[in-house]
Amino acid sequence: MGELAKTYNPAEHEAKLYAWWEAQGYFKPETLVAKGLVAEGAASFCVTMPPPNVTGILHLGHAIAATLEDLATRYHRMRGYDTLFLPGSDHAGIATQNVVERELAKEGLERHGLGREKFIERVWEWKAQTHARITDQHRRLGISCDWERERFTLDEGLSHAVRVAFHTLYERELIYRGPYMVNWCPRCESAISDLEVISQEQDSHLWYIRYPLANADWGVPQQEWGSGRWAEGATEFIEMATTRPETIVGDTGVAVNPEDERWGQLIGRQAVLPVSGRAIPIVGDEAVEIEFGTGAVKVTPAHDPTDYEIGARHGLDALNVLTETARMNAEAGPYAGLGRNECRRAIVADFEREGLLVKVEEHHHAVGHCERCDTVIEPRISTQWFVRTKPLAEKALDAVRSGEMRIIPARFEKIFFHWMENIRDWCISRQLWWGHRIPVWYCEECGQEWSAVEAPTTCPQCGSARIKQDSDVLDTWFSSGLWPFSTLGWPDLKSPDLQRFFPTNLRETGYDILFFWVAREAMLSLELMGRAPFSTVYLHGLIRDEHGKKISKSMPDAWKYDPLYIIEEYGTDALRYTLATSSSPGNDMSLDLRRIAGARNFANKLWQATRFILLNLAEGERVTPLAELAAEQLLLEDRWILSRLYQLTESVTQLMAAYQYGEAGRQIREFIWDEFCDWYLEAAKVRFYAIDEVAKVAPKTVLLTVLEQSLRLLHPFMPYVTEVIWQALPAEIKEGEALMIAAWPQPDAAWLDVVAEEQLALLMELVRGIRNVRAEYHVPPGKRIAALLAAGALQPLFAARRELLSSLARLDAAQLEIVAVAEPPAQAAPVVAGELVIYLPLAGMVDIAAECRRLRKSLRALEGRITGSQRKLAGPFAERAPAHIVARERALLAELQGEAAQTREQLARWE
RNA sequence: GGGCGGUUAGCUCAGUUGGCUAGAGCGCUGCGUUGACAUCGCAGAGGUCACAGGUUCAAGUCCUGUAUCGCCCACCA
């Protein structure tokens, strides 16, 4: 005790402390129960960590999530909830596979060359490395999660949960398989969901082309395509615009709007498709916009979602002309084997040669790209697995509407509704290797298809052993969608953790994955568990650099925003405090390193205050607990700070319960720094440095009591420094073995003392006024000056605390006169605070003209406000506004008038 | 094409049922090494709360519109 270093050095304590907490079992709910810190039948509080992808290292987005989750966890643990923060990580199918593929590419390897099994081995190796790094980073953040309950989406239990979930949905016909148009990434060679397609605006072209029409004069091209005479003899044409000329070879129709006067009469006729010379019908379809392009559109049902629908309506064939890697297939005739872009150039050139290219316009439009590898997506018809989302979405909508699940900030509920109401079926199969194999088998004998939780050996239909499992894997979000219950032991409904902690309480994540993840968690949980997975969704914003730019690895100063760098430079507490208090939910945050430095300074400030207090304790001195103090031992400043602490605790507790962490954190800081350190601690020095030993008892008690309770309030924000300090405090003023398992402060209503607060506020105003005058007159800071205080009815109070006033304002105690009514000295600067006036006889220094100017200025301001207040009270305000608001206004007016009267009196002496 | 958010001090941001003189950190100015702290203290300067209307006794806060920046969603080829 009392051995605190000169400054707080986070690195010296953090790792040690974390290891100790963990070794003590404080992160485990069982420990708290065993210690009797969780009351019988206490409510549970559970948050499952959004499992980071095992793709790389953590960034500030993870840091803010972990911080807020741990903040909530520590707060609830202190409140006596049966608390669990469950950690884990996500195999992140497509993302991780891509990362490992890039790693392999560095060695000149490619996954197909390696083979599925070997490749998966490599991914597991990668997983082991990144997982270790991620875990280490999370520990550095000080999060109090139960590592023994850590889960991984591909581990045994969760894989089983995935199979059960799939099987259940399959049996309920909420999962189906079929050939539909999906988003296909030709680089990943896999289908991806709508959400994984990122549309990017691009500059491109709109090619106006024309197809000849078959008529009595011409119907079959006589010359070779590319000869320049392919359309020779054609007499009628239909002109259309396209952004994708390479798909022309896959056209099986031309569509026009039936209302279109230009083209309407062509419906039913045949066009002759360039290149192949195939006759294709012209159909009428409402989907065609008359205004766009020429009003006619080529229809390629196999390669465009709209065309797919038009084709379906008119019985047009879907002719696939692309391979899985987006090269032209045999159907492309002369273009077979070309890449889609090469083909585009070639076919445009050929159209020009054949006189079928009318014009080319600049065109700006959105093109879909793969979220993971940025490759241009190809819409493609392929057989995939889907989740029928409509019925699931209904339940999710109800859960939010009914309030079973609440989203913070509330505006995201509308966004959630909109998405859920317009949801489309979710493509869950991926042609990847890294992930959960789809638990469906096919019989090669009888063609039976069935789903099973455990791998079968024979066909249930015909008994054949010639069965094969589906080779696809599931979308990674399918397994993470089960996270809130799969991690707690589902599908075992008797799992103690599931019964104890489900439904969970909080899902904290960035708003960018509301649809990807939170929405899926809600749908799957409501379907499989019959309940929403959590009661509150708290969405944080994106973290950007100090100029509001998105932080990316390619930025030259990206290293500055690495959580580990920040932790090493400023300490974990500084990072956590800053992340928790610098923004509000759902709003992006520009992380300013200066703020982090400020938070580090705050930790040090707290440290210094503690040092001061402990330095004033003798070795082994017993501190008197607050309860043992007699009422009269508590002086004005003691009653004031205790009252302030009471109010702070009330306010912070309310804010924490309402998930207003930012405001809570700011209030705690303001209290500790501005009230406790700057005023109370300075006030306490008066008694510390006095001769009277008895007088020193109360301030020690109050200092330690307030400090100890402040530490408890601050602990969820700055767990390390608060715990280190707490451990150094004398045993008499604390309970238990660690701050992190201490009880959240229960404010003692007896501390509330509004009179003390008002009186000290007056004293502070007086002191500030004196300091102000001293600064203006350049009175040397150390110089003690005489003063005459006219305190009116408060004379006894100020007389009793004369040392306090003289100490804080650097007055000469021997020449401080405190009276009820004073005859103003001739050569003195008056300081007015409410109805109090203190005269500072600055012998020979007082510039009367300057004083008059100062007083007049102050009087003008006062009079302005008085007039405003009077006008307000004379108007409809007095009767329309609530009584307490009016009363407050009246009180204010009286105060202003009192101060103005005093000021006028002072002026009158000189004028 | 829809929808959402931001616009508050030089910079980065708070300001949740509308209610005292709109706040903080950093920066800036002046003073200061008083026996916790220069990662500090004291005093101070600095804002027509983007703009225009409206509702109200009262608007940074609610409504309408405008500007501007950003984000999300969307099958105009």
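Within every chain, numbering begins at 1; the chains are lettered A, B, ... in the order of the sequence lines, protein sequences first and strands thereafter. These numbers come from the heavy atoms of this one structure, side chains and all, not from hydrogens, waters or symmetry mates.
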Student: Do the ring planes of A/Tyr661 and A/Tyr659 sit parallel (below 30°), tilted (30 to 60°) or perpendicular (above 60°)?
Tutor: perpendicular
Student: If you only use heavy atoms from C-beta on, which nucleotide in B/A14, B/A74, B/G10 is closest to the side chain of A/Arg594?
Tutor: B/G10
Student: I want to verify a distance call: between B/G70, B/A14, B/A36, whose nearest atom is closest to the A/Asn587 side chain?
Tutor: B/A14
Student: Heavy atoms within less than 4.0 Å of RNA chain B: which residues of residues 858-865 of chain A have one? Give them sorted by number.
Tutor: A/Arg865
Student: Can you tell me if A/Lys872 touches the phosphate of B/C20, counting only side-chain N or O atoms and a distance under 4.0 Å to OP1 or OP2?
Tutor: no
Student: Compare the minimum distances between each of B/G25, B/A36, B/C37 and the side chain of A/Arg669, then state the nucleotide with the smallest one.
Tutor: B/G25
Student: If you only use heavy atoms from C-beta on, which nucleotide in B/U12, B/A14, B/A36 is closest to the side chain of A/Glu663?
Tutor: B/A14
Student: Given B/C13, B/A43, B/C37, identify the nucleotide with an atom nearest to the side chain of A/Ala775.
Tutor: B/A43
Student: Wobble G-U and Watson-Crick pairs count when both distances are under 3.5 Å; given that, what is the 5' to 3' dot-bracket string of RNA chain B, with | for pairing to other strands?
Tutor: (((((((..((((.....[...)))).(((((.......))))).....(((((..]....))))))))))))....
Student: Any idea which of B/A36, B/G25, B/C13 is nearest the A/Asp592 side chain?
Tutor: B/G25
Student: Expected output is a numbered-order residue list: members of residues 762-774 of chain A with a heavy atom under 4.0 Å from any atom of RNA chain B. What is it?
Tutor: A/Arg768, A/Arg771, A/Asn772
Student: I want to verify a distance call: between B/C40, B/G19, B/C13, whose nearest atom is closest to the A/Trp673 side chain?
Tutor: B/C40
Student: To the side chain of A/Cys677, which of B/G19, B/U34, B/A36 is closest?
Tutor: B/A36
Student: Distance check needed: B/C40 P versus A/Phe612 CZ, whole Å only.
Tutor: 18 Å
